[in-house]
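Quick notes on the structure that follows.
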Amino acid sequence: MREIKAAAVAEAVAALCIQANAHLPADVEAALAAARAAEPWPLAKHTLGLLEKNLEMANACALPICQDTGMAVVFAEVGQEVHIDGDFEAAVNEGVRRGYGEGYLRKSIVGDPLRRVNTGDNTPAALHLRLVPGDKLRLTVAPKGFGSENMSRLAMLRPADGVEGVERFVLETVRLAGPCPPMVLGIGIGGSFDGVALLAKQALLRPLDKPNPDGYYAALEKKLLAAVNELGIGPQGFGGKTTALGLAIETAPTHVAGLPVAVNVSCHATRRASAEL
């Protein structure tokens, strides 16, 4: 059994909150650059160039990529041979509190959804735990702004709707998203009503240059991404071929009577940073 101090968890989460908000993952940055190079529409190309300039300034000055520094979504893969010395959830929230304070990041969390009083430190985090083999702890912080989160959707389709129903739902979601593009789409298929939304959010953690390991779903990802970009919405809704930078699908077994589908919409600032303890 390997012991990890709760203080080390808090320290790691604090650093990841700052890193994720100031530095876009390399795969997303590369996708943005490739989209700009291939974009034929002048206004769309110019808009993508402005986004790249914003990334350069954020990197150089260690400033947030986006003013909405998001809800701190924390994914933790906890090895079965790990013992946390202290309160794990409290350590994660302490890390968020510290990171959002030290990084001068906007604090956007209200303690109650209807009474709307800001907690003042961006806690609590949205924490997702998974037990895995081994003696390591892997932490991923994925700040999620709500301009895009508010555009995300879930549907319980009929099994007879099949892949065509999934395609229609994805395209309908993109059309309803408003001036959000260029976006990244995380799609969950299967599981249950509560589980499919998490699948869609987990899909956003996969690098954009890494297709689904199942060839069937890798082909569907490619087909859906092409269909989304053929809509012609373009960056910020100005037209062009770059409506989405990437699209990932995650699946889970489901009941014979249902076909849950969720689309988690993210803007180009699809932020994530990971560390292993």
Side-chain angles (χ1 to χ4, degrees), residues 14-73 96 99-109 122 140-152 174 177-186 201 203-210 225 228-229 231-248 263-275:
L16 291 172
C17 286
I18 296 171
Q19 179 185 341
N21 272 294
H23 306 287
L24 201 63
D27 59 288
V28 182
E29 193 167 350
L32 185 62
R36 179 171 179 257
E39 178 58 64
W41 185 247
L43 182 54
K45 185 182 283 287
H46 175 70
T47 302
L48 293 170
L50 292 176
L51 296 179
E52 285 192 300
K53 183 65 175 178
N54 177 67
L55 294 182
E56 292 171 7
M57 294 175 67
N59 271 320
C61 303
L63 292 172
I65 299 163
C66 176
Q67 54 83 24
D68 184 352
T69 52
M71 173 180 281
V73 183
V96 171
Y100 273 72
E102 294 172 2
Y104 301 100
L105 305 174
R106 196 181 87 181
K107 302 159 186 74
S108 303
I109 301 303
N122 221 57
T140 297
V141 174
K144 190 62 162 66
F146 265 53
S148 58
E149 187 79 348
N150 286 335
M151 299 298 105
S152 301
V174 171
C180 181
M183 60 182 68
V184 176
L185 299 171
K201 184 154 286 182
L204 294 175
L205 302 182
R206 180 154 29 102
L208 300 187
D209 54 0
K210 184 178 179 182
L225 181 60
V228 167
N229 284 326
L231 293 174
I233 297 170
Q236 304 303 302
F238 293 147
K241 62 180 288 186
T242 313
T243 299
L245 298 174
L247 181 153
V263 179
N264 195 286
V265 178
S266 181
C267 66
H268 80 283
T270 299
R271 299 161 288 186
R272 43 181 150 79
S274 300

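Between the R36 side chain and the L51 main chain, no donor and acceptor come within less than 3.5 Å of each other. No donor-acceptor distance shorter than 3.5 angstrom exists from the side chain of Y100 to the backbone of S108, with no hydrogens or angles considered. Listed for the N54 side chain is no donor-acceptor partner under 3.5 Å among the backbone atoms of L50. For the pair S152 (side chain) and V265 (backbone), a donor-acceptor distance under 3.5 Å is present. Panel note: side chain N59, backbone H23; no donor-acceptor pair is recorded below 3.5 Å. Judged by distance alone, with hydrogens and angles left aside, the side-chain atoms of E39 form a donor-acceptor pair with the main-chain N or O of T242 at under 3.5 Å. A donor-acceptor pair under 3.5 Å is formed between the side chain of W41 and the backbone N or O of F238. Between the T270 side chain and the C267 main chain, a donor and an acceptor come within less than 3.5 Å of each other.
Pairing each heavy atom of G240 with each of A44, the nearest pair is CA-CB, 4.3 Å. When all heavy atoms of V184 and L208 are compared, the closest pair comes out as CG1-CD2, 3.7 Å. The shortest heavy-atom contact between P181 and G178 is CD-O, 3.3 Å. For L245 against P182, the heavy-atom pair with the smallest separation is CG-CB, 3.9 Å. Contact between G234 and T243 at its shortest, heavy atoms only, is N-OG1, 3.0 Å. Residues S266 and A269 share a closest heavy-atom pair of OG-O, 4.2 Å.
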side-chain contact (heavy atoms from CB on, under 4.5 Å) assessment of H268 paired with V28:
CA-CA 7 Å; H268 80 283; V28 182; 5.5 Å; no
Using the side-chain contact (heavy atoms from CB on, under 4.5 Å) rule, take L32 and E52 through it: C-alpha gap first, then chi angles, then the decisive distance, then the call.
CA-CA 7 Å; L32 185 62; E52 285 192 300; 3.9 Å; yes
Is there a side-chain contact (heavy atoms from CB on, under 4.5 Å) between R272 and D27 once you walk through the steps?
CA-CA 11 Å; R272 43 181 150 79; D27 59 288; 2.8 Å; yes
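The CZ atom of F146 sits 6.5 Å away from atom CD1 of I109, with the distance rounded to the nearest 0.5 Å. With values rounded to the nearest 0.5 angstrom, L43 atom CG is found 12.0 Å from K45 atom NZ. One finds the CG atom of L55 at 5.5 Å from the CG atom of L24 (value rounded to the nearest 0.5 Å). In this structure, CG on N122 lies 9.0 Å from CZ on R106, to the nearest 0.5 angstrom.
Under the 3.5 Å distance criterion, with hydrogens and angles disregarded, no donor-acceptor pair is assigned to the side chains of T47 and Q236.
Salt-bridge formation is not detected for the pair D68/R271: no Lys NZ or Arg NE/NH1/NH2 atom is positioned less than 4.0 Å from an Asp or Glu carboxylate oxygen.
Taking the side chain as every heavy atom from C-beta outward, K201 and K144 approach each other to under 4.5 Å. Between M183 and V174, the closest side-chain pair of non-hydrogen atoms falls below 4.5 Å. Looking only at side-chain heavy atoms (C-beta outward), V228 and L185 come within less than 4.5 Å of each other.
Counting heavy atoms of neighbouring residues, nucleotides and ligands inside a 6.0 Å radius, atom NZ of K241 does not exceed 12 of them.
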